K.L.:
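Submitted below is the structure of interest, expressed as structure tokens.
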Amino acid sequence: MNATELPTMCAALGDSTRWDILSRLGDGAKSASALARVLPVSRQAIGKHLEVLREVGLVESEQRGREVVYIAVGARLGALARELDRIGRSWEARLQRIKELAERPDPDRPPRT
């Protein structure tokens, strides 16, 4: 995952409807019509959200008979999760270093009496 992909993917997931769509696709492949039956938005709106998710590589479409179904791309989601975890661990390490510096006794400060 490169430096420009992470913010683009996070921006795509920043919309609650797209997040709901991706969550539903986690249960298995679904068509835009099937998603529109369970989500409170139109099939056309679902199609637009799916296109955004497809553009950032989080879903793929597949023709099954007369229907196009959408599938969550697990590898991309896994890469996104690993990158967010790496960033989180980096911040935790920085905060730990700041805490250690703040709690370190000052050798130049006279003791309290």
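In what follows, residues are counted from 1 in the order of the sequence shown. Predicted model, so just to flag it, every value in this text is computed and none were measured.
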K.L.:
May I ask you to decide whether Asp20 forms a salt bridge with Arg24, counting only side-chain N to carboxylate O separations under 4.0 Å?
P.N.:
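Salt bridge: no.
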K.L.:
What closest approach, in Å, do Ala72 and Val59 show between heavy atoms, and which atom pair accounts for it?
P.N.:
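Heavy-atom minimum between the residues: CA-CG1, 4.2 Å.
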K.L.:
Can a donor-acceptor pair be found between the side chains of Gln96 and Glu92 at a distance below 3.5 Å?
P.N.:
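No, because no side-chain N or O of Gln96 sits under 3.5 Å from a partner of the opposite role on Glu92.
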K.L.:
Is there a chain of hydrophobic side chains (I, L, V, M, F, W, Y, each step under 4.5 Å between heavy atoms) that links Val69 to Leu39?
P.N.:
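The answer is no; the residues belong to distinct hydrophobic clusters.
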K.L.:
Judged by atom type as modelled, is there a donor-acceptor pair below 3.5 Å linking the side chain of Ser90 to the main-chain atoms of Arg86?
P.N.:
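Checking the backbone N and O of Arg86 against the side chain of Ser90, no donor-acceptor pair under 3.5 Å is found.
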K.L.:
Thinking salt bridges, do Glu51 and Lys48 make one under a 4.0 Å N-O criterion?
P.N.:
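Between Lys48 and Glu51 there is no salt bridge, as every charged N stays at least 4.0 Å from the carboxylate O atoms.
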K.L.:
Below 4.5 Å, heavy atoms only, C-beta onward: do Met9 and Arg76 meet side chain to side chain?
P.N.:
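A side-chain contact exists here, since the closest heavy-atom pair is under 4.5 Å.
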K.L.:
Return the CG to CD1 distance between Leu53 and Ile46, rounded to the nearest 0.5 Å.
P.N.:
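The CG atom of Leu53 sits 10.0 Å away from the CD1 atom of Ile46.
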K.L.:
State, yes or no, whether a side-chain contact exists between Leu77 and Leu58 at a heavy-atom distance under 4.5 Å.
P.N.:
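When only atoms from C-beta onward are counted, Leu58 and Leu77 do touch, with a gap below 4.5 Å.
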K.L.:
Check for me, please, whether Val52 and Val41 land in the same ILVMFWY cluster - side-chain distances under 4.5 Å, paths through other members count.
P.N.:
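No; tracing contacts between hydrophobic side chains, which count when under 4.5 Å, never links both residues.
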K.L.:
Indicate yes or no: at least one non-hydrogen side-chain atom of Lys30 is less than 4.5 angstrom from one of Leu25.
P.N.:
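With C-beta onward as the side chain, the pair touches.
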K.L.:
Do Leu80 and Ile71 belong to the same hydrophobic cluster, where Ile, Leu, Val, Met, Phe, Trp and Tyr are linked whenever their side-chain heavy atoms lie under 4.5 Å apart, directly or via other members?
P.N.:
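No, Leu80 does not connect to Ile71 through the hydrophobic network.
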K.L.:
Considering all heavy atoms of both residues, which atom of Ala12 and which atom of Arg18 are nearest to each other, and what is their separation?
P.N.:
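Where Ala12 meets Arg18 most closely, the heavy atoms are O-NE, 2.7 Å.
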K.L.:
Are Val73 and Tyr70 co-members of a hydrophobic cluster defined by side-chain heavy atoms under 4.5 Å apart?
P.N.:
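No, because Tyr70 and Val73 fall into different hydrophobic clusters, even though each may have its own neighbours under 4.5 Å.
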K.L.:
Taking side chain as C-beta onward, heavy atoms only, is Lys99 less than 4.5 Å from Leu95?
P.N.:
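Of all side-chain heavy-atom pairs linking Leu95 with Lys99, none is under 4.5 Å.
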K.L.:
With a 4.5 Å heavy-atom cut-off, do Thr17 and Pro40 have their side chains touching?
P.N.:
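Contact flag for Thr17/Pro40 side chains = no.
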